[in-house]
2 protein chains.
Amino acid sequence: MSLENQELRKAGLKVTLPRVKIYQILEKAGEGDHFSAEDIYKLLMELGEDVGLATVYRVLTQFEAAGLVSRHHFEGGHSVFELARDEDHDHIVCVKCGKVREFVDNQLIQRQNEIAKELGFTITDRTLYLYGLCTEGCEKK
Amino acid sequence: MSLENQELRKAGLKVTLPRVKIYQILEKAGEGDHFSAEDIYKLLMELGEDVGLATVYRVLTQFEAAGLVSRHHFEGGHSVFELARDEDHDHIVCVKCGKVREFVDNQLIQRQNEIAKELGFTITDRTLYLYGLCTEGCEKK
DNA sequence: GTTTTTGCAAACCTTTTGCATTGGT
DNA sequence: ACCAATGCAAAAGGTTTGCAAAAAC
């Protein structure tokens, strides 16, 4: 049995065509690739798969609940998804070409924890998005 | 002429009743208060002002363009606004009671700048939202 | 009086939901 | 066979837009 099927089962999800296909798309993506539901829907169409947009949303939401993917709210009104990896990471997004770089920085995390403590909060989640211009290799769209 | 009227003129916006009223609402808010368009619309209704929701959106968008307010995308699908103050600040939001605390931390900012530099980016904007539970005085809704 | 702004309603866009049908085990 | 998952279309929620009427200047 394939690897992705095991992942799905582990998450308590039946192995269905839409779920497998969507998982494969996410899996194939490189680091920094983030897909909207619409993106995935279009990719499925190109592959000739007959999957409804509603199903894409449902599957992504299930994947998120199962911890398989993370959802991000970048600026611009819609959510994007990526396969959850071991380590939490933050994002820097080029506002011109849309390129996304990811990074992990313990100094930032620690300082955030300190601040939360000072303010009397217990952190459950955090989102840091940096926006800017990538100074080299920016394929300005 | 009143102070808020000057602010509006300075921003190149004509002094109209909706704009003044909305500016006043934002001005009266305490630190940590953030309003959605709907919030402001309801407040206007309570004040007996006959302002349409579409106008609230338009005015807030204009205020944002003029740099008078900042728009934030907290989790939950809708935007919230606050009067722009001199200093940029980050937010920590209680996921139970919705309370928002603001903070400014140069250590965080500097580290973010370093990271951006390492990755070859010039930062134009950033958003850090911490989510958690306020351990004291949480009016759990 | 001219131009900008407003209110209303309709459109829009992303996401969710209801329900009959299909598909996995 | 059974129950879960899907497709479709319709609804929902937040936001934007077209346009005639009203308000600024």
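All values reported here derive from a predicted model rather than from experimental measurement. In what follows, chains carry the letters A, B, and so on, assigned in the order in which the sequence lines appear, proteins first and then strands, with residues in each chain numbered from 1.
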- [ ] Considering just the side-chain nitrogens and oxygens of A/T55, establish if one lies under 4.0 Å of OP1 or OP2 belonging to D/dG7.
- [x] yes
Contacts of B/S79 and A/K14 projected onto DNA chain D by closest heavy atom; the upstream (5') one is A/K14
Distance test, side-chain N/O of B/R9 to OP1/OP2 of D/dC25, below 4.0 Å:
yes
Short side-chain N/O contact to C/dT15 OP1/OP2 from A/Y57, under 4.0 Å
yes
Q: Take the angle between the ring planes of B/H34 and B/H72 and call it parallel below 30°, perpendicular above 60°, tilted in between.
A: perpendicular
A/T61 has its side chain closest, among C/dG7, C/dT25, C/dT16, to C/dT16
Identify whether A/F74 and B/F74 are in the same connected component of the hydrophobic contact network (ILVMFWY, side-chain heavy atoms under 4.5 Å). no
Contacts of B/F81 and B/L13 projected onto DNA chain D by closest heavy atom; the upstream (5') one is B/F81
Taking C/dT25, D/dA24, C/dT15 as options, the one with an atom nearest any side-chain atom of A/A37 is C/dT15
Here the gap from A/Y131 atom OH to A/I92 atom CD1, rounded to the nearest 0.5 Å, amounts to 11.0 Å
Next item on the list: Determine whether more than 12 heavy atoms belonging to other residues, nucleotides or ligands lie under 6.0 Å from atom CG of A/D88.
Entry: no
request  = Record whether the side chain of A/R58 comes under 3.5 Å of the base of D/dG7 through a donor-acceptor pair of N or O atoms.
outcome  = yes
